[in-house]
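For reference, the structure discussed in these notes is given below.
Just so it is clear: chains get the letters A, B, ... in the order the sequence lines come, proteins before strands, and each one is counted from 1.
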Number of protein chains: 2
Amino acid sequence: MIQNLTEHDREQLQEALGKSGQKVTPQREAVFTVLLAQRDHPTVDEVFQRAREVMPGLSLATVYNCLETFVGCGLVRQVNHERESTRYCPNLAPHAHFRDKATGRVHDIELPPEVLKSLRSILPPGFDSEVIEISFHGRAQSGEQTSN
Amino acid sequence: MIQNLTEHDREQLQEALGKSGQKVTPQREAVFTVLLAQRDHPTVDEVFQRAREVMPGLSLATVYNCLETFVGCGLVRQVNHERESTRYCPNLAPHAHFRDKATGRVHDIELPPEVLKSLRSILPPGFDSEVIEISFHGRAQSGEQTSN
DNA sequence: CTTGCGGATTAGACTCATTCTAACTGATTA
DNA sequence: TAATCAGTTAGAATGAGTCTAATCCGCAAG
Ligand SMILES: [Mn+2]
Ligand SMILES: [Mn+2]
Ligand SMILES: [Zn+2]
Ligand SMILES: [Zn+2]
(Lines give C-alpha, C1' and ligand atoms only; values in the text may rest on other atoms or scores of the structure.)
(Ligands and ions follow the chains in the order given, each with its own letter.)
Protein backbone atom coordinates (compact mmCIF):
# COMPACT_ATOMS: atom_id res chain seq x y z
CA MET A 1 0.00 0.00 0.00
CA ILE A 2 2.61 2.51 1.05
CA GLN A 3 5.49 2.06 -1.34
CA ASN A 4 8.68 4.02 -0.90
CA LEU A 5 9.39 7.39 -2.40
CA THR A 6 10.87 7.43 -5.86
CA GLU A 7 14.30 8.94 -6.19
CA HIS A 8 12.68 11.98 -7.76
CA ASP A 9 10.22 12.47 -4.93
CA ARG A 10 12.92 12.10 -2.32
CA GLU A 11 14.93 14.79 -4.07
CA GLN A 12 11.93 17.09 -4.19
CA LEU A 13 11.44 16.66 -0.45
CA GLN A 14 15.12 17.19 0.24
CA GLU A 15 15.26 20.25 -1.94
CA ALA A 16 12.14 21.96 -0.66
CA LEU A 17 13.04 21.40 2.98
CA GLY A 18 16.65 22.37 2.42
CA LYS A 19 15.68 25.66 0.84
CA SER A 20 14.02 26.76 4.07
CA GLY A 21 16.80 25.39 6.26
CA GLN A 22 15.05 22.25 7.39
CA LYS A 23 16.00 18.61 7.31
CA VAL A 24 14.58 15.40 6.00
CA THR A 25 13.60 13.25 8.97
CA PRO A 26 12.10 9.77 9.03
CA GLN A 27 8.80 11.24 10.20
CA ARG A 28 8.68 13.82 7.41
CA GLU A 29 9.55 11.18 4.90
CA ALA A 30 6.80 8.91 6.18
CA VAL A 31 4.20 11.67 6.07
CA PHE A 32 5.25 12.78 2.60
CA THR A 33 5.16 9.18 1.41
CA VAL A 34 1.62 8.80 2.69
CA LEU A 35 0.53 11.93 0.83
CA LEU A 36 2.00 10.75 -2.45
CA ALA A 37 0.83 7.15 -2.14
CA GLN A 38 -2.85 7.94 -2.27
CA ARG A 39 -3.77 11.35 -3.61
CA ASP A 40 -7.19 11.50 -2.09
CA HIS A 41 -6.88 14.66 -0.01
CA PRO A 42 -6.66 13.02 3.40
CA THR A 43 -7.36 14.80 6.68
CA VAL A 44 -4.70 15.03 9.36
CA ASP A 45 -6.18 12.01 11.10
CA GLU A 46 -6.22 9.98 7.92
CA VAL A 47 -2.58 10.82 7.32
CA PHE A 48 -1.87 9.88 10.93
CA GLN A 49 -3.57 6.49 10.66
CA ARG A 50 -1.83 5.65 7.40
CA ALA A 51 1.60 6.79 8.49
CA ARG A 52 1.34 4.82 11.71
CA GLU A 53 1.12 1.60 9.79
CA VAL A 54 4.69 2.11 8.75
CA MET A 55 5.93 4.07 11.77
CA PRO A 56 3.96 3.04 14.84
CA GLY A 57 5.57 5.50 17.26
CA LEU A 58 4.61 8.55 15.21
CA SER A 59 2.57 11.11 17.10
CA LEU A 60 -0.37 13.17 15.94
CA ALA A 61 1.45 16.35 16.93
CA THR A 62 4.24 15.43 14.56
CA VAL A 63 1.80 14.88 11.72
CA TYR A 64 0.46 18.38 12.33
CA ASN A 65 4.03 19.68 12.42
CA CYS A 66 5.09 17.91 9.25
CA LEU A 67 2.07 19.04 7.29
CA GLU A 68 2.54 22.62 8.44
CA THR A 69 6.17 22.42 7.41
CA PHE A 70 5.26 21.07 3.98
CA VAL A 71 2.69 23.80 3.42
CA GLY A 72 5.27 26.35 4.52
CA CYS A 73 7.81 25.21 1.97
CA GLY A 74 5.27 24.79 -0.79
CA LEU A 75 5.33 21.01 -1.04
CA VAL A 76 1.68 20.58 -0.25
CA ARG A 77 -1.50 22.62 -0.35
CA GLN A 78 -4.17 22.91 2.29
CA VAL A 79 -7.70 22.27 1.11
CA ASN A 80 -10.57 23.78 3.05
CA HIS A 81 -14.20 23.01 2.50
CA GLU A 82 -16.67 24.87 4.64
CA ARG A 83 -16.19 23.88 8.25
CA GLU A 84 -14.72 20.42 7.71
CA SER A 85 -11.33 19.18 8.79
CA THR A 86 -8.48 20.51 6.73
CA ARG A 87 -7.31 18.22 3.94
CA TYR A 88 -3.94 18.04 2.24
CA CYS A 89 -3.02 17.83 -1.41
CA PRO A 90 0.41 17.23 -2.95
CA ASN A 91 -0.72 18.22 -6.45
CA LEU A 92 1.25 21.37 -7.20
CA ALA A 93 -0.31 22.10 -10.59
CA PRO A 94 -2.95 24.86 -10.55
CA HIS A 95 -6.24 23.16 -9.89
CA ALA A 96 -9.61 23.60 -8.24
CA HIS A 97 -11.34 21.18 -5.87
CA PHE A 98 -14.68 19.51 -6.21
CA ARG A 99 -16.26 18.00 -3.14
CA ASP A 100 -18.82 15.32 -3.80
CA LYS A 101 -21.86 15.95 -1.63
CA ALA A 102 -22.73 12.27 -1.58
CA THR A 103 -19.40 10.63 -0.83
CA GLY A 104 -17.45 13.49 0.69
CA ARG A 105 -14.59 12.71 -1.68
CA VAL A 106 -12.54 15.58 -3.03
CA HIS A 107 -11.51 15.59 -6.68
CA ASP A 108 -8.87 17.67 -8.40
CA ILE A 109 -10.17 19.73 -11.30
CA GLU A 110 -7.58 20.93 -13.75
CA LEU A 111 -7.43 24.69 -14.08
CA PRO A 112 -6.36 25.82 -17.56
CA PRO A 113 -4.12 28.91 -17.66
CA GLU A 114 -6.67 30.98 -19.55
CA VAL A 115 -9.32 30.35 -16.92
CA LEU A 116 -6.88 31.24 -14.19
CA LYS A 117 -6.07 34.41 -16.09
CA SER A 118 -9.70 35.38 -16.49
CA LEU A 119 -10.14 34.86 -12.78
CA ARG A 120 -7.22 37.08 -11.89
CA SER A 121 -8.63 39.69 -14.21
CA ILE A 122 -11.66 40.26 -12.04
CA LEU A 123 -9.51 41.80 -9.30
CA PRO A 124 -9.77 45.58 -9.31
CA PRO A 125 -6.50 47.53 -9.49
CA GLY A 126 -4.76 47.64 -6.13
CA PHE A 127 -5.68 44.07 -5.24
CA ASP A 128 -2.77 41.69 -5.42
CA SER A 129 -3.54 38.06 -4.77
CA GLU A 130 -1.01 35.39 -3.86
CA VAL A 131 -3.44 32.54 -3.38
CA ILE A 132 -6.66 31.66 -5.13
CA GLU A 133 -8.84 28.89 -3.77
CA ILE A 134 -11.63 27.57 -5.93
CA SER A 135 -13.97 24.96 -4.60
CA PHE A 136 -17.00 23.37 -6.11
CA HIS A 137 -19.58 21.48 -4.13
CA GLY A 138 -22.06 19.18 -5.79
CA ARG A 139 -22.64 15.72 -7.15
CA ALA A 140 -20.35 13.62 -9.27
CA GLN A 141 -21.72 10.62 -11.11
CA SER A 142 -20.24 7.66 -9.32
CA GLY A 143 -17.41 6.25 -11.33
CA GLU A 144 -16.02 9.68 -12.08
CA GLN A 145 -12.38 9.79 -11.20
CA THR A 146 -10.20 12.85 -11.30
CA SER A 147 -7.91 12.84 -8.29
CA ASN A 148 -5.28 10.42 -9.55
CA MET B 1 -25.37 53.09 13.42
CA ILE B 2 -28.01 50.43 13.11
CA GLN B 3 -30.84 52.01 11.17
CA ASN B 4 -34.04 50.11 10.57
CA LEU B 5 -34.76 47.85 7.64
CA THR B 6 -36.19 49.48 4.57
CA GLU B 7 -39.63 48.36 3.52
CA HIS B 8 -38.00 46.41 0.70
CA ASP B 9 -35.58 44.60 3.01
CA ARG B 10 -38.32 43.72 5.44
CA GLU B 11 -40.33 42.22 2.60
CA GLN B 12 -37.34 40.22 1.42
CA LEU B 13 -36.91 38.81 4.92
CA GLN B 14 -40.61 38.05 5.24
CA GLU B 15 -40.75 36.42 1.84
CA ALA B 16 -37.65 34.24 2.20
CA LEU B 17 -38.61 33.02 5.66
CA GLY B 18 -42.22 32.48 4.66
CA LYS B 19 -41.26 30.35 1.70
CA SER B 20 -39.68 27.82 4.03
CA GLY B 21 -42.47 28.03 6.58
CA GLN B 22 -40.70 30.20 9.09
CA LYS B 23 -41.61 33.44 10.77
CA VAL B 24 -40.14 36.86 11.17
CA THR B 25 -39.20 37.32 14.81
CA PRO B 26 -37.69 40.33 16.55
CA GLN B 27 -34.40 38.43 16.89
CA ARG B 28 -34.27 37.50 13.22
CA GLU B 29 -35.08 41.04 12.26
CA ALA B 30 -32.32 42.38 14.49
CA VAL B 31 -29.73 39.98 13.09
CA PHE B 32 -30.75 40.67 9.52
CA THR B 33 -30.60 44.39 10.19
CA VAL B 34 -27.09 44.07 11.52
CA LEU B 35 -26.00 42.20 8.41
CA LEU B 36 -27.41 44.82 6.08
CA ALA B 37 -26.22 47.82 8.09
CA GLN B 38 -22.53 47.13 7.63
CA ARG B 39 -21.62 44.78 4.83
CA ASP B 40 -18.22 43.86 6.13
CA HIS B 41 -18.59 40.09 6.44
CA PRO B 42 -18.85 39.91 10.22
CA THR B 43 -18.20 36.78 12.25
CA VAL B 44 -20.91 35.34 14.48
CA ASP B 45 -19.43 37.12 17.44
CA GLU B 46 -19.34 40.42 15.64
CA VAL B 47 -22.97 40.02 14.66
CA PHE B 48 -23.72 39.13 18.28
CA GLN B 49 -21.99 42.22 19.68
CA ARG B 50 -23.70 44.53 17.21
CA ALA B 51 -27.15 43.07 17.59
CA ARG B 52 -26.91 43.25 21.37
CA GLU B 53 -26.64 47.00 21.20
CA VAL B 54 -30.19 47.10 20.01
CA MET B 55 -31.50 43.96 21.72
CA PRO B 56 -29.57 43.36 24.92
CA GLY B 57 -31.25 40.09 25.85
CA LEU B 58 -30.28 38.36 22.60
CA SER B 59 -28.27 35.17 23.07
CA LEU B 60 -25.34 33.88 21.09
CA ALA B 61 -27.19 30.63 20.41
CA THR B 62 -29.93 32.61 18.75
CA VAL B 63 -27.46 34.42 16.55
CA TYR B 64 -26.14 31.03 15.42
CA ASN B 65 -29.71 29.90 14.85
CA CYS B 66 -30.72 32.98 12.91
CA LEU B 67 -27.68 32.89 10.67
CA GLU B 68 -28.20 29.20 9.95
CA THR B 69 -31.81 29.91 9.12
CA PHE B 70 -30.84 32.72 6.77
CA VAL B 71 -28.29 30.56 5.00
CA GLY B 72 -30.89 27.83 4.70
CA CYS B 73 -33.39 30.09 2.99
CA GLY B 74 -30.81 31.74 0.78
CA LEU B 75 -30.83 35.18 2.38
CA VAL B 76 -27.19 35.12 3.31
CA ARG B 77 -24.01 33.33 2.28
CA GLN B 78 -21.37 31.79 4.49
CA VAL B 79 -17.83 32.87 3.77
CA ASN B 80 -14.99 30.60 4.78
CA HIS B 81 -11.35 31.50 4.70
CA GLU B 82 -8.91 28.85 5.72
CA ARG B 83 -9.44 28.00 9.35
CA GLU B 84 -10.86 31.28 10.51
CA SER B 85 -14.27 31.90 12.02
CA THR B 86 -17.11 31.73 9.55
CA ARG B 87 -18.22 35.07 8.19
CA TYR B 88 -21.59 36.08 6.77
CA CYS B 89 -22.45 38.03 3.64
CA PRO B 90 -25.85 39.33 2.54
CA ASN B 91 -24.68 40.11 -1.00
CA LEU B 92 -26.65 37.72 -3.18
CA ALA B 93 -25.05 38.66 -6.49
CA PRO B 94 -22.43 36.18 -7.75
CA HIS B 95 -19.14 37.33 -6.33
CA ALA B 96 -15.78 36.16 -5.06
CA HIS B 97 -14.08 37.12 -1.80
CA PHE B 98 -10.74 38.74 -1.27
CA ARG B 99 -9.19 38.58 2.17
CA ASP B 100 -6.61 41.22 2.90
CA LYS B 101 -3.61 39.62 4.54
CA ALA B 102 -2.73 42.81 6.36
CA THR B 103 -6.06 43.90 7.78
CA GLY B 104 -8.06 40.68 7.72
CA ARG B 105 -10.86 42.52 5.97
CA VAL B 106 -12.91 40.67 3.40
CA HIS B 107 -13.89 42.41 0.17
CA ASP B 108 -16.51 41.43 -2.36
CA ILE B 109 -15.18 40.99 -5.88
CA GLU B 110 -17.74 41.15 -8.63
CA LEU B 111 -17.90 37.99 -10.72
CA PRO B 112 -18.92 38.66 -14.34
CA PRO B 113 -21.15 36.02 -15.93
CA GLU B 114 -18.58 35.10 -18.56
CA VAL B 115 -15.95 34.38 -15.92
CA LEU B 116 -18.43 32.30 -13.98
CA LYS B 117 -19.21 30.44 -17.18
CA SER B 118 -15.59 29.76 -17.96
CA LEU B 119 -15.17 28.44 -14.45
CA ARG B 120 -18.10 26.08 -14.77
CA SER B 121 -16.66 24.89 -18.05
CA ILE B 122 -13.64 23.33 -16.37
CA LEU B 123 -15.81 20.68 -14.74
CA PRO B 124 -15.53 17.36 -16.57
CA PRO B 125 -18.79 15.74 -17.71
CA GLY B 126 -20.54 14.04 -14.81
CA PHE B 127 -19.67 16.75 -12.31
CA ASP B 128 -22.60 18.92 -11.36
CA SER B 129 -21.85 21.79 -9.03
CA GLU B 130 -24.41 23.71 -6.99
CA VAL B 131 -21.99 25.96 -5.16
CA ILE B 132 -18.75 27.59 -6.23
CA GLU B 133 -16.60 29.36 -3.70
CA ILE B 134 -13.79 31.55 -4.94
CA SER B 135 -11.46 33.19 -2.49
CA PHE B 136 -8.42 35.29 -3.01
CA HIS B 137 -5.85 35.98 -0.36
CA GLY B 138 -3.34 38.78 -0.67
CA ARG B 139 -2.76 42.46 -0.20
CA ALA B 140 -5.03 45.34 -1.07
CA GLN B 141 -3.63 48.84 -1.20
CA SER B 142 -5.12 50.59 1.77
CA GLY B 143 -7.93 52.81 0.70
CA GLU B 144 -9.30 50.17 -1.63
CA GLN B 145 -12.96 49.70 -0.97
CA THR B 146 -15.15 47.08 -2.52
CA SER B 147 -17.48 45.67 0.09
CA ASN B 148 -20.03 48.46 0.13
C1' DC C 1 -60.91 34.22 28.76
C1' DT C 2 -58.17 29.72 29.66
C1' DT C 3 -55.50 26.04 27.74
C1' DG C 4 -52.61 23.55 24.56
C1' DC C 5 -49.51 23.47 20.79
C1' DG C 6 -45.35 24.25 18.28
C1' DG C 7 -41.86 27.07 16.76
C1' DA C 8 -38.34 30.04 18.67
C1' DT C 9 -35.18 31.42 22.18
C1' DT C 10 -32.04 30.76 25.88
C1' DA C 11 -28.01 29.30 29.06
C1' DG C 12 -24.95 26.27 29.59
C1' DA C 13 -22.71 21.84 28.69
C1' DC C 14 -20.27 19.49 25.28
C1' DT C 15 -17.39 18.33 21.10
C1' DC C 16 -13.38 18.01 18.66
C1' DA C 17 -10.00 20.00 15.30
C1' DT C 18 -6.27 22.59 16.18
C1' DT C 19 -2.75 24.91 18.95
C1' DC C 20 0.22 25.23 22.75
C1' DT C 21 3.54 23.70 26.31
C1' DA C 22 7.15 21.62 28.29
C1' DA C 23 9.88 17.55 28.49
C1' DC C 24 12.68 14.50 25.84
C1' DT C 25 15.66 12.67 21.81
C1' DG C 26 19.49 12.45 18.94
C1' DA C 27 22.58 14.38 15.79
C1' DT C 28 26.17 17.85 15.39
C1' DT C 29 29.60 20.95 17.17
C1' DA C 30 33.02 23.02 20.44
C1' DT D 1 32.55 15.16 27.07
C1' DA D 2 29.29 18.84 27.21
C1' DA D 3 26.53 22.23 24.93
C1' DT D 4 23.43 23.24 21.40
C1' DC D 5 19.54 22.90 18.64
C1' DA D 6 16.01 21.20 15.53
C1' DG D 7 12.66 17.91 15.83
C1' DT D 8 9.48 14.89 18.25
C1' DT D 9 6.26 13.67 21.74
C1' DA D 10 2.18 13.40 25.18
C1' DG D 11 -0.95 15.77 27.06
C1' DA D 12 -3.25 20.16 28.32
C1' DA D 13 -5.59 24.12 26.63
C1' DT D 14 -8.33 26.67 23.28
C1' DG D 15 -12.36 28.10 21.02
C1' DA D 16 -15.73 27.91 17.14
C1' DG D 17 -19.45 25.46 16.66
C1' DT D 18 -23.17 22.14 18.17
C1' DC D 19 -26.35 20.02 21.27
C1' DT D 20 -29.69 19.72 25.11
C1' DA D 21 -33.27 20.65 27.87
C1' DA D 22 -35.87 24.24 29.92
C1' DT D 23 -38.56 28.28 28.99
C1' DC D 24 -41.10 31.67 26.23
C1' DC D 25 -44.76 33.27 23.41
C1' DG D 26 -48.16 33.93 19.64
C1' DC D 27 -52.05 31.76 18.16
C1' DA D 28 -56.01 28.88 17.76
C1' DA D 29 -59.48 25.59 19.90
C1' DG D 30 -62.56 24.96 23.44
MN1 LIG E 1 -12.08 19.61 3.91
MN1 LIG F 1 -13.54 33.75 7.73
ZN1 LIG G 1 -5.91 18.85 -4.93
ZN1 LIG H 1 -19.50 38.77 0.09
(request) Quick one: list whatever passes salt bridge (Lys or Arg N to Asp or Glu O under 4.0 Å) with E82(A), sequence neighbours left out. (result) R99(A)

(message) Is it the case that the side chains of H41(A) and R77(A) hold a donor-acceptor pair, with the cut-off being a distance below 3.5 Å and no angle test?
(response) no

(message) Before you tell me yes or no, could you show the steps for D100(A) and H107(A) under side-chain hydrogen bond (donor to acceptor under 3.5 Å, both in side chains), namely the whole-Å CA-CA distance, both residues' side-chain angles and the distance that decides it to 0.1 Å?
(response) CA-CA 8 Å; D100(A) 187 327; H107(A) 301 269; 4.7 Å; no

(request) Identify the two heavy atoms, one from L116(B) and one from L111(B), that lie closest to each other, and give their separation to 0.1 Å. (result) CD1-CD2, 3.7 Å

(request) Would you grab the first and last nucleotide of DNA chain D (5' to 3') that comes under 4.0 Å of any non-hydrogen atom in chain A? (result) dG7(D) to dG17(D)

(request) Can you sort out the partners of P26(A) under side-chain contact (heavy atoms from CB on, under 4.5 Å), two or more places apart, ordered by chain and number? (result) M55(A)

(request) Without swapping roles, check the side chain of E46(B) against the backbone of T43(B) for a donor-acceptor pair under 3.5 Å. (result) yes

(message) Quick check for you: name the first and last nucleotides of DNA chain C, 5' to 3', having an atom under 4.0 Å from a heavy atom of chain A.
(response) dA17(C) to dT19(C)

(message) Taking side chain to side chain donor-acceptor pair (under 3.5 Å) as the cut-off, I'd like each qualifying pair that reaches into residues 57-68 of chain A, sequence neighbours left out, listed once.
(response) S59(A)-T62(A)

(request) Please identify each residue that fulfils ring-ring contact (aromatic ring centres under 6.0 Å, His included) with F70(B), with sequence neighbours left out. (result) F32(B)

(request) Go through residues 20-28 of chain B and report each residue with a non-hydrogen atom lying under 4.0 Å from DNA chain C, sorted by number. (result) Q22(B), K23(B), T25(B), Q27(B), R28(B)

(message) Which residues in residues 58-70 of chain B have a heavy atom closer than 4.0 Å to any atom of DNA chain C?
(response) L58(B), S59(B), A61(B), T62(B), N65(B)

(request) Name all residues meeting the side-chain hydrogen bond (donor to acceptor under 3.5 Å, both in side chains) criterion together with Q78(B); count only those two or more places apart in sequence or in a different chain, and write none if there are none. (result) Y88(B)

(request) Keeping to residues at least two apart or across chains, list the salt bridge (Lys or Arg N to Asp or Glu O under 4.0 Å) pairs with something in residues 14-35 of chain A. (result) R10(A)-E29(A), E15(A)-K19(A)

(request) Not counting sequence neighbours, list each pair that qualifies as a side chain to side chain donor-acceptor pair (under 3.5 Å) and has a residue in residues 120-133 of chain A. (result) E130(A)-K101(B)

(request) State which residues pass side-chain contact (heavy atoms from CB on, under 4.5 Å) with A93(A); sequence neighbours excluded, sorted by chain then number. (result) N91(A)

